[in-house]
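As a basis for the values below, the full set of heavy atoms in this structure was taken, side chains included, without hydrogen atoms, waters or symmetry mates.
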Protein chains: 2
Amino acid sequence: MNEIEKFKEKLKDKGYKLTTQRRVILDVIMENRDKHLSSEEIYDLVRLKYPEIGLATVYRTLQLFEELGIVYKLNFDDGRNRYELYHNENHQHHHLICLKCGAVIEMEGDLLENLEEAIEETKDFEIIDHNVKFFGYCSKCRSRYN
Amino acid sequence: MNEIEKFKEKLKDKGYKLTTQRRVILDVIMENRDKHLSSEEIYDLVRLKYPEIGLATVYRTLQLFEELGIVYKLNFDDGRNRYELYHNENHQHHHLICLKCGAVIEMEGDLLENLEEAIEETKDFEIIDHNVKFFGYCSKCRSRYN
DNA sequence: TAGTTTATGATATTCATTTTCAATTGTCAA
DNA sequence: TTGACAATTGAAAATGAATATCATAAACTA
Ligand SMILES: [Mn+2]
Ligand SMILES: [Mn+2]
Ligand SMILES: [Zn+2]
Ligand SMILES: [Zn+2]
């Protein structure tokens, strides 16, 4: 079963309808797997394919996609929601955000085992998800030519 | 030199004036070291001591305090800025946020050495700060009596 | 204390997001 | 294929946190 089939399934499962709008929004997100687009950036891209769409529909759909686990909501402290396609089951990557140019670099691999173990033991806290961001300077911005 | 003296110094250093409003806001934050108050929560507490204060003053002051390194701005993904007194120089604690009751638990100790080393090496990224949150269930909410 | 500068409070404004609601569309049983 | 009915949509208004504006007030300093 490919991604589109899974998508249709997920919608049907919960009684949601498959609309053109939802299809187009998913397409845009899939075509931008590597990006971390904001709601309005997604709106702008979707409008190229489907100019009649309303902004509210995009916001509504992104919320729905998050509920369905199709998309993951990110917060880069820039005052807007951003989204990425739900990669692998256990969302194991961190984001490095450049304080100068705003570049977002992904860091695969968790490397949080120590920390998570310590938390579960000393704090008796059951971890469901984590959110790890690093702020600093990317290689480009560190070079003296900048 | 105690905390208040340091505070006065920091203001004077940059040409800022010491006003009653700033003093009262600092007091409220110091009296709530263990909390992670939002701007409006701080406003409400400040008004108990100084009812004439304006909301804008509280927002402005919190921004100023962040610039001066008196306070640290937090983002718990609840749509509002939260602040805590700048603890130790290297802001080494993480937050565990309960998905059920909203409790915020602090985790002292970094335990990110592995991860940070890996990033600096493999990504050529200079880390200035990090932001680590864990979402899950606190001990209270895990007990069957809930 | 006077003179200069910074800060304040009230209010208006911004901006992302959400809500409202009448009109439209997808689904599914007949 | 159709009709009934629930879900969805787009336009517009509303919300809510944060910021900007501006006349007045308070702090600093010589
Ligand atoms: Mn990512
Ligand atoms: Mn804390
Ligand atoms: Zn950069
Ligand atoms: Zn809890």
Side-chain angles (χ1 to χ4, degrees), chain A residues 4-5 7-28 36-68 70-71 73-83, chain B residues 4-5 7-28 36-68 70-71 73-83:
Chain A
I4 305 296
E5 293 303 315
F7 169 62
K8 289 182 184 171
E9 196 105 327
K10 276 184 180 174
L11 287 176
K12 190 178 281 183
D13 267 16
K14 308 233 169 128
Y16 296 121
K17 294 177 179 170
L18 175 55
T19 64
T20 314
Q21 291 89 336
R22 285 174 181 168
R23 220 5 251 281
V24 174
I25 293 170
L26 180 65
D27 284 345
V28 163
H36 304 85
L37 300 174
S38 69
S39 313
E40 291 233 21
E41 286 167 346
I42 292 168
Y43 174 57
D44 289 339
L45 291 171
V46 167
R47 260 196 307 183
L48 299 176
K49 302 176 184 245
Y50 194 115
E52 322 85 283
I53 203 167
L55 178 58
T57 301
V58 173
Y59 274 98
R60 279 187 293 236
T61 303
L62 290 170
Q63 274 187 186
L64 176 65
F65 283 7
E66 203 204 352
E67 273 175 45
L68 296 178
I70 291 169
V71 117
K73 183 160 72 177
L74 307 166
N75 187 324
F76 290 170
D77 289 311
D78 60 353
R80 64 202 60 202
N81 290 338
R82 296 185 170 275
Y83 296 88
Chain B
I4 305 296
E5 293 303 316
F7 169 63
K8 287 183 185 169
E9 195 106 322
K10 277 185 179 172
L11 286 176
K12 189 177 280 182
D13 267 15
K14 306 235 169 126
Y16 296 120
K17 294 176 177 170
L18 175 56
T19 64
T20 315
Q21 290 88 335
R22 287 174 180 166
R23 218 7 250 279
V24 174
I25 293 170
L26 180 66
D27 284 344
V28 163
H36 304 87
L37 300 173
S38 69
S39 313
E40 291 231 22
E41 285 167 347
I42 292 169
Y43 174 56
D44 290 338
L45 291 171
V46 168
R47 259 194 308 182
L48 299 176
K49 301 178 184 242
Y50 194 115
E52 324 85 281
I53 202 165
L55 177 58
T57 301
V58 174
Y59 275 99
R60 278 186 295 238
T61 303
L62 291 171
Q63 275 187 184
L64 176 65
F65 283 7
E66 203 204 350
E67 275 173 46
L68 297 179
I70 292 169
V71 118
K73 183 162 70 177
L74 307 166
N75 187 325
F76 289 172
D77 290 311
D78 60 353
R80 64 202 61 200
N81 290 338
R82 296 185 169 276
Y83 296 88

Exercise. Measure the distance from CG on B:D13 to P on C:dT6 and round it to the nearest whole Å.
Key: 15 Å
Quiz item: If only side-chain N and O atoms of A:R60 are considered, is one of them under 4.0 Å from the OP1 or OP2 phosphate oxygen of D:dG10?
Solution: no
Exercise. Give a yes/no on whether any side-chain N or O of B:T19 is located under 4.0 angstrom from OP1 or OP2 of C:dT8.
Key: yes
Quiz item: Using a cut-off of less than 4.0 Å, is there contact between a side-chain N or O of B:Q21 and OP1 or OP2 of D:dA26?
Solution: no
Quiz item: For C:dG9, does either OP1 or OP2 sit under 4.0 Å from a side-chain N or O belonging to B:T57?
Solution: yes
Quiz item: Rounded to whole angstroms, how far apart are CG on A:D44 and P on C:dA16?
Solution: 11 Å
Quiz item: Which residue lies toward the 5' end of DNA chain C, B:A56 or B:R22, if each is placed at its nearest nucleotide?
Solution: B:R22
Quiz item: Within this structure, what is the OH-to-C1' distance between A:Y43 and D:dA11, rounded to whole angstrom?
Solution: 10 Å
Quiz item: Can you find a side chain N or O atom of A:N81 that sits less than 4.0 Å from OP1 or OP2 on C:dT17?
Solution: yes
Quiz item: Could you give the CD-to-P distance, from B:E52 to D:dA26, as a whole number of Å?
Solution: 10 Å
Quiz item: Over how many whole Å does the gap from A:L68 atom CG to D:dT8 atom C1' extend?
Solution: 15 Å
Exercise. Assign each of B:L18 and A:L64 to its nearest nucleotide of DNA chain D by heavy atoms, then name whichever residue's nucleotide is nearer the 5' end.
Key: A:L64
Quiz item: Are any of B:Q63's side-chain N or O atoms less than 4.0 Å away from OP1 or OP2 of D:dT19?
Solution: yes
Exercise. For B:Y50, answer base if it contacts any base atom (sugar-phosphate contacts may also be present), sugar-phosphate if it contacts only those atoms, and nothing otherwise; contact means non-hydrogen atoms under 4.0 Å.
Key: sugar-phosphate
Quiz item: Quick one: A:L11 CG to D:dT8 P, roughly how many Å, whole number?
Solution: 8 Å
Quiz prompt | Length of the line joining B:E66:CD and D:dT19:P, which is rounded to integer Å | solution = 10 Å
Practice problem: Record whether the side chain of B:K17 comes under 3.5 Å of the base of D:dA26 through a donor-acceptor pair of N or O atoms. | Solution: no
Quiz item: For the pair made of NZ in A:K73 and C1' in C:dT17, what is the distance, rounded to whole Å?
Solution: 10 Å
Self-check item: Pi-cation contact, B:Y50 with B:R47 (under 6.0 Å, within 45°)
Solution: no
Quiz prompt | B:R80 bridged to B:E41 by N-O distance under 4.0 Å | solution = no
Self-check item: Phosphate-side-chain proximity, B:R80 and D:dA18, N/O vs OP1/OP2 below 4.0 Å
Solution: no
Quiz item: Taking only side-chain nitrogens and oxygens of A:Y59, does any of them come within less than 4.0 Å of OP1 or OP2 of C:dT18?
Solution: no
Exercise. Determine the minimum heavy-atom distance between B:L74 and B:Y83, stating which atoms define it.
Key: CD1-C, 4.3 Å
Practice problem: Give a yes or no on whether the ring-centroid distance for B:F7 and B:F65 is below 6.0 angstrom. | Solution: yes
Quiz item: Pick one: which of A:D27, A:T19, A:T20 meets side-chain hydrogen bond (donor to acceptor under 3.5 Å, both in side chains) with A:R23?
Solution: A:D27
Quiz item: Which pair of heavy atoms, one from B:T61 and one from B:T57, lies closest together, and at what distance?
Solution: OG1-O, 2.6 Å
Quiz item: D:dA18 phosphate, OP1 or OP2: any side-chain N/O from B:S39 under 4.0 angstrom?
Solution: yes
